[in-house]
Amino acid sequence: MLLFRSRSGSVDEDEAVRFLEEFHAESGAAARAPARQRAVREEIRRTGTYRHTPEELEYGARVAWRNSSRCIGRLYWRSLRVRDRRGVSSGAEIAAECVEHLREATNGGRVRPVVTVFAPDGPEARAPVIHNDQLIRYAGYPGHLGAGTGDPAGEPLTRLATRLGWRGRGGAFDVLPLVVEGRGEPARWFDLPADAVLEVPLGHPELAAFAGLGLRWYAVPAVSNMTLEIGGLRYPAAPFNGWYMGTEIGARNLADTDRYDLLPAVADLLGLDTRDEATLWRDRAMVELNVAVLHSFRKAGVTITDHHTEARRFLSHLAREERAGRVCPADWSWIVPPLSASATPVFHRLYQDADLRPNYVHRAP
Ligand code: ARG
């Protein structure tokens with residue numbers, strides 16, 4: 001008789017135990033460790049999986065942030081609010097919980113880091129799926145010869161939502177619906193209520209004409225296409241958010257040529273000579289665009305941080321982690337900001353990187 005039949009999708013026992021060891025050591029509960037580890041091994045052998053206690057889940061979700069080597073904003077990893085919604089698995093309930101997540105995270109503009117954890121993958125049932133790559137995203141409508149509208153990064157979801165019956169207004173900043181597959185359900189779309197989506201219209205402190213561009217961005221970046229991995233368990237539906245660093249919007253989302261591609265329009269507004277690269281019109285436009293983003297969020301009372309402040313905070317985080325006897329894994333190419341890189345202290349050194357668990361890992365598109 002085959003006693004320990006390996007099931008497909010069964011949780012790796014050793015990974016579970018490694019996580020529990022770390023959890024008990026870091027939370028000062030070493031006395032409880034042996035009994036819990038035995039119980040979890042037994043649960044995995046019997047059912048192919050196990051359930052995290054609420055404390056393990058909270059700790060795991062926070063350490064997953066701490067281990068995210070691409071994130072410059074990890075100083076506050078302990079403050080992550082963890083919403084345990086593992087019992088929620090229907091599409092409609094998941095959508096409602098995502099809306100609730102956005103309200104709690106938005107907090108009237110004083111943005112709070114939040115993660116909502118839905119049911120994990122298991123040997124019996126697959127986890128629910130959130131098709132959005134962020135809870136809030138703008139639609140992208142492709143056009144001929146680069147004459148599209150909206151955010152090209154939103155095109156795949158716009159296509160999917162449209163196929164399911166959603167109708168976009170064809171604007172530059174149409175908020176996409178959530179597209180959710182509850183456990184054992186087909187994909188459905190759910191509009192986000194307008195009062196759950198805080199947005200900031202962009203103006204410039206000195207250039208009155210800037211507001212005429214009609215630009216805006218949303219307050220809460222809530223990543224929803226990464227799987228939270230803790231102790232061998234996978235939570236593919238686990239949207240999380242922090243607050244924005246200005247360059248994400250001003251030097252990437254609005255500036256990248258395969259996103260809103262706005263540097264030429266901003267340069268025109270500034271009266272720069274765009275025929276000659278050596279005028280550095282791109283660089284000057286990018287700085288003013290970033291000034292507009294930071295200024296507008298501040299004026300609207302919405303949490304945002306600049307890359308100089310955040311770079312310094314990251315180095316304090318790194319020093320703090322080292323004092324705690326841990327390596328702080330970091331990926332230079334992501335940590336260094338896309339604007340004025342060498343004017344920030346994170347540029348001038350190297351980092352150790354490591355692919356630790358718990359972590360938030362990208363799911364295949
Ligand atoms: N870079 C992404 C964006 O611009 C958001 C990624 C998460 N960012 C954050 N500050 N937590 O939408």
Side-chain angles (χ1 to χ4, degrees), residues 61-62 64-82 98 101-102 104-107 109-116 130 132-140 150-157 173 175-176 192 197-200 202 215-228 238-262 286 289-290 292-294 296-297 302-311 313-314 317 330-331 333-339 344 346 359-363 365:
R62 289 178 177 159
W65 183 8
R66 186 178 86 196
N67 286 338
S68 294
S69 53
R70 294 172 166 187
C71 176
I72 193 174
R74 285 176 276 167
L75 181 63
Y76 304 112
W77 66 273
R78 285 174 197 279
S79 73
L80 180 65
R81 301 163 80 102
V82 181
C98 289
H101 175 131
L102 286 175
E104 187 174 330
T106 305
N107 191 30
R110 293 186 44 124
V111 178
R112 298 186 281 217
V114 176
V115 61
T116 300
I130 299 173
N132 308 58
D133 48 39
Q134 290 185 24
L135 297 184
I136 303 175
R137 262 282 199 220
Y138 295 125
D151 189 349
E155 282 175 14
L157 194 78
F173 298 100
V175 174
L176 284 164
L192 287 173
V197 182
L198 182 59
E199 293 179 274
V200 178
L202 302 185
L215 308 180
R216 56 204 288 118
W217 204 258
Y218 49 86
V220 177
V223 174
S224 49
N225 62 352
M226 296 181 87
T227 295
L228 169 57
F240 62 86
N241 75 279
W243 51 73
Y244 264 118
M245 181 162 87
T247 55
E248 298 182 84
I249 304 167
R252 303 298 311 280
N253 302 346
L254 296 178
D256 280 2
T257 51
D258 60 354
R259 298 292 299 283
Y260 279 84
D261 194 15
L262 285 162
M286 190 178 279
L289 186 50
N290 278 271
V293 168
L294 292 170
S296 307
F297 271 62
V302 175
T303 310
I304 194 156
T305 180
D306 67 85
H307 47 296
H308 302 286
T309 305
E310 214 50 39
R313 283 187 189 152
F314 179 70
H317 167 68
D331 178 342
S333 69
W334 277 72
I335 295 296
V336 170
L339 176 66
T344 68
V346 291
N359 216 322
Y360 297 93
V361 303
H362 264 291
R363 69 168 178 233

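Atoms within a ligand are numbered from 1 in the order they appear, just like the ligands themselves.
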If you measure only the distance, is there a donor-acceptor pair under 3.5 Å linking the side chains of T344 and H307?
no
Under 4.0 Å from one or more heavy atoms of Y218, ligand 1 contributes atoms 12 (O)
Parallel, tilted or perpendicular: which one describes the rings of Y138 and Y260, with boundaries at 30° and 60°?
perpendicular
What's the separation between atom CE in M245 and atom CD in E310, rounded to the nearest 0.5 Å?
7.0 Å
If we set the cut-off at 4.0 Å for heavy atoms, which region of R252 has an atom near ligand 1: side chain, backbone, both, or neither?
neither
Within a distance under 4.0 Å of any heavy atom of P221, pick out the atoms of ligand 1 and give their elements.
5 (C), 9 (C), 10 (N)
Measuring from the heavy atoms of W334, does anything fall under 4.0 Å of ligand 1?
no
Going by the atom numbers of ligand 1, which of them fall below 4.0 Å from some non-hydrogen atom of N253?
3 (C), 4 (O), 12 (O)
Residues which pass salt bridge (Lys or Arg N to Asp or Glu O under 4.0 Å) with R74, listed by chain and number, not counting sequence neighbours
none
Which atoms of ligand 1 have any heavy atom of W243 under 4.0 Å away?
9 (C), 10 (N), 11 (N)
Starting from atom 8 (N) of ligand 1, locate the nearest protein heavy atom and write down its residue, its atom name and how far away it is, to 0.1 Å.
E248 OE1, 2.8 Å
Counting non-hydrogen protein atoms only, what is the nearest one to atom 3 (C) of ligand 1? Give residue, atom name and distance.
Y244 OH, 3.3 Å
Which atoms of ligand 1 sit under 4.0 Å from any heavy atom of Q134?
2 (C), 3 (C), 5 (C), 12 (O)
Does W243 form a ring pair (Phe, Tyr, Trp, His ring centres under 6.0 Å) with F297? I'd like the steps, not just the answer.
CA-CA 11 Å; W243 51 73; F297 271 62; over 10 Å; no
For R78, what residues pass the salt bridge (Lys or Arg N to Asp or Glu O under 4.0 Å) criterion, not counting sequence neighbours?
none
CZ of F240 to CZ of R62: how many Å apart, nearest 0.5 Å?
15.5 Å
